[in-house]
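A short write-up of the structure that comes next.
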Amino acid sequence: MIERRIFGLTRTLRAAAPGDVQRILMSADPGDDPSYTWRDDERRVAVVVSVIDADHCQVALLDGGRWHDLVDSDDPTLAWVSLTGTPGVVPLASILPCRFAVDALETVTIGAGFDHLRATRRWRPAPAWVGDRRGYLLRDLVEVLWDAAGSLPVDEPPAAAGPVGLRHLALLRRLHDRAVGGGLGAVLADLPPDRLCAAADHLGMPELRAVLRDADDDAYERLVSPDGDDAGAIRAAVQRKLDAAPWEFGVTDVPGRAITEFLADPGRVR
């Protein structure tokens, strides 16, 4: 059985023969951002297809409590799309022609089964902060990047540490987390001030330099978390940088900018 979901409304559909899956995928308007789910509750596994437009989809697999995205390359770039009417971030390499959706759902419903699909296709583990590919709100993109930066090592060589914007954000997030817990003095004894200042400058927060120089905890709190908004100034700086240069965070699109040009590119081979 396959569950079709549109705006939170679910309908159960049956696939019993070749051609049924394609018929099911055509049973809703692609503009409604439908998703289609097959699952085995006993094994706690699932396959979810999210329709992006009439020609493209995103296929996710749940296994062992972790989501995996079907991909066709190692491209690390992220893309902003709509999944079941909810804006979210997925790997650019996981935006695939809808034939991949047909293949995946046919395999688990009338074909060789889930284990065969898991073993014979190319899957990439979704980021740890992804809780549900069936319509989970991946939050604002700044929050996505904030979480990603929290797990990024800050002592890796630049070439191995991810996009430049994310590297700088990782430093400022580490600064903030430690400053809140133990004060600026302890942070500055561990993290080089010149690197922190460079990160602040890159994200458009030059006023942070003076606060770091004086190791003034009260001034830091007023600057970075105005009106009690935890790290609100850093988040706002990331949003400004993201609007101007999304590629510095490894993102190909941002809210308000469609991905249609990428999807329509005739030179894109899939």
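The chain is numbered in sequence order, starting from 1. Note that these values count all heavy atoms, side chains included, but never hydrogens, waters or copies made by symmetry. None of the values given here were measured: they were computed from a predicted structure.
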Could you pull out all residues at least two apart from E106 that satisfy side chain to side chain donor-acceptor pair (under 3.5 Å)? none

For residues V45 and L117: do they belong to one hydrophobic cluster (side chain heavy atoms under 4.5 Å, members Ile, Leu, Val, Met, Phe, Trp, Tyr)? yes

For L105 and Y36, run side-chain contact (heavy atoms from CB on, under 4.5 Å): C-alpha distance rounded to whole Å, both residues' side-chain angles, the deciding distance at 0.1 Å, then the answer. CA-CA 9 Å; L105 291 177; Y36 300 86; 4.1 Å; yes

Would you please name every residue forming a side-chain contact (heavy atoms from CB on, under 4.5 Å) with T120, sequence neighbours left out? H116

Give the table of side-chain donor-acceptor pairs shorter than 3.5 Å for residues 223-232, with sequence neighbours excluded, one pair per line with atom names and distance.
{"from": "S225", "atom 1": "OG", "to": "A231", "atom 2": "N", "distance (Å)": "2.9"}
{"from": "D230", "atom 1": "OD1", "to": "H176", "atom 2": "NE2", "distance (Å)": "2.7"}

Who passes side chain to side chain donor-acceptor pair (under 3.5 Å) against D115, sequence neighbours left out? R43

From L175 atom CG to L196 atom CG, the distance as rounded to the nearest 0.5 Å: 5.5 Å

Within-4.5 Å side-chain heavy-atom neighbours: L212 and L184: yes

Sorted by chain and residue number, the side chain to side chain donor-acceptor pair (under 3.5 Å) partners of T107 (sequence neighbours excluded) come out as R121

How long is the straight-line distance from CG of L152 back to CG of D147, given to the nearest 0.5 Å? 12.5 Å

What distance separates Q22 CD from S27 OG, expressed to the nearest 0.5 Å? 11.5 Å

Looking only at heavy atoms, the pair that brings V49 and C57 closest together is CG1-CB, 4.2 Å

A side-chain contact here means heavy atoms from C-beta on lying under 4.5 Å apart; do L25 and R23 qualify? no

Non-hydrogen side-chain atoms of R118 and D63 separated by less than 4.5 Å: yes

Please check if atom CZ in R44 has more than 12 non-hydrogen atoms from other residues, nucleotides or ligands closer than 6.0 Å. no

Going by side chain to side chain donor-acceptor pair (under 3.5 Å), name the residues that satisfy it together with R235, two or more places apart in sequence or in a different chain. E143

Do I234 and L169 have side chains that approach each other closer than 4.5 Å (heavy atoms only, starting at C-beta)? yes

For D177, which residues count as a salt bridge (Lys or Arg N to Asp or Glu O under 4.0 Å) partner, sequence neighbours excluded? R173

Taking atom CE of M1 as the centre, does the number of heavy atoms from other residues, nucleotides or ligands within less than 6.0 Å exceed 12? yes

For the hydrophobic clusters of this structure (ILVMFWY residues joined by side-chain heavy atoms under 4.5 Å, transitively), does one cluster hold both W123 and L96? yes

Applying salt bridge (Lys or Arg N to Asp or Glu O under 4.0 Å), name anything that partners R4, two or more places apart in sequence or on another chain. none

Any chance you could measure L13, atom CG, to T109, atom OG1, to the nearest 0.5 Å? 11.5 Å

Residues 204-219 vs salt bridge (Lys or Arg N to Asp or Glu O under 4.0 Å), sequence neighbours excluded, gives D201-R209

Please test D74 against R122 for side-chain contact (heavy atoms from CB on, under 4.5 Å), starting from the C-alpha separation and ending with a verdict. CA-CA 10 Å; D74 294 323; R122 188 175 184 179; 2.7 Å; yes

Any side-chain heavy atom of L61 sitting closer than 4.5 Å to one from W38? no

Looking at V187 and G183, what are the two nearest heavy atoms and their distance? CG2-O, 3.3 Å

Are D69 and P91 close enough that some pair of their side-chain heavy atoms sits under 4.5 Å apart? yes

Has the side chain of H56 got a donor or acceptor atom that lies under 3.5 Å from a matching backbone atom of A54? no

H202 and K241: side-chain contact (heavy atoms from CB on, under 4.5 Å), yes or no, with the steps? CA-CA 9 Å; H202 187 87; K241 192 69 173 180; 3.6 Å; yes

Check whether any side-chain N or O of D32 sits under 3.5 Å from a backbone N or O of P34 as a donor-acceptor pair, and report yes or no. no

Under the side-chain contact (heavy atoms from CB on, under 4.5 Å) rule, what do L166 and L145 come out as? Steps first, then yes or no, please. CA-CA 7 Å; L166 203 57; L145 295 171; 4.1 Å; yes

Supply the atom-to-atom distance D103 CG to L70 CG, rounded to the nearest 0.5 angstrom. 8.0 Å

For H168 and E248, which I'm curious about, is there any donor-acceptor pair between the side chains at under 3.5 Å? no

Which heavy atom of A46 sits nearest a heavy atom of R39, and at what distance? CB-CB, 3.7 Å

L188 to A215 - nearest heavy-atom pair and separation: CD1-CB, 4.1 Å

When hydrophobic residues are tied together by side-chain contacts of less than 4.5 Å, even through go-betweens, does I110 share a cluster with I24? no

Is the shortest heavy-atom distance from the side chain of W146 to the side chain of V238 under 4.5 Å? no

Where do D53 and D55 come nearest, in terms of heavy atoms and distance? OD1-N, 2.8 Å

Across all chains, not counting sequence neighbours, the salt bridge (Lys or Arg N to Asp or Glu O under 4.0 Å) partners of R124 are none

Give the minimum heavy-atom separation between A15 and I2, together with the two atoms involved. CB-CD1, 4.1 Å

d(L171 CG, C197 SG) to nearest 0.5 Å is 11.0 Å

Under 4.5 Å between any side-chain heavy atoms of Q58 and I52, yes or no? yes

Residues forming a salt bridge (Lys or Arg N to Asp or Glu O under 4.0 Å) with D194, sequence neighbours excluded: none

List for me each residue that meets side-chain contact (heavy atoms from CB on, under 4.5 Å) alongside A237, sequence neighbours excluded, and say none if there are none. L203, M205, R240

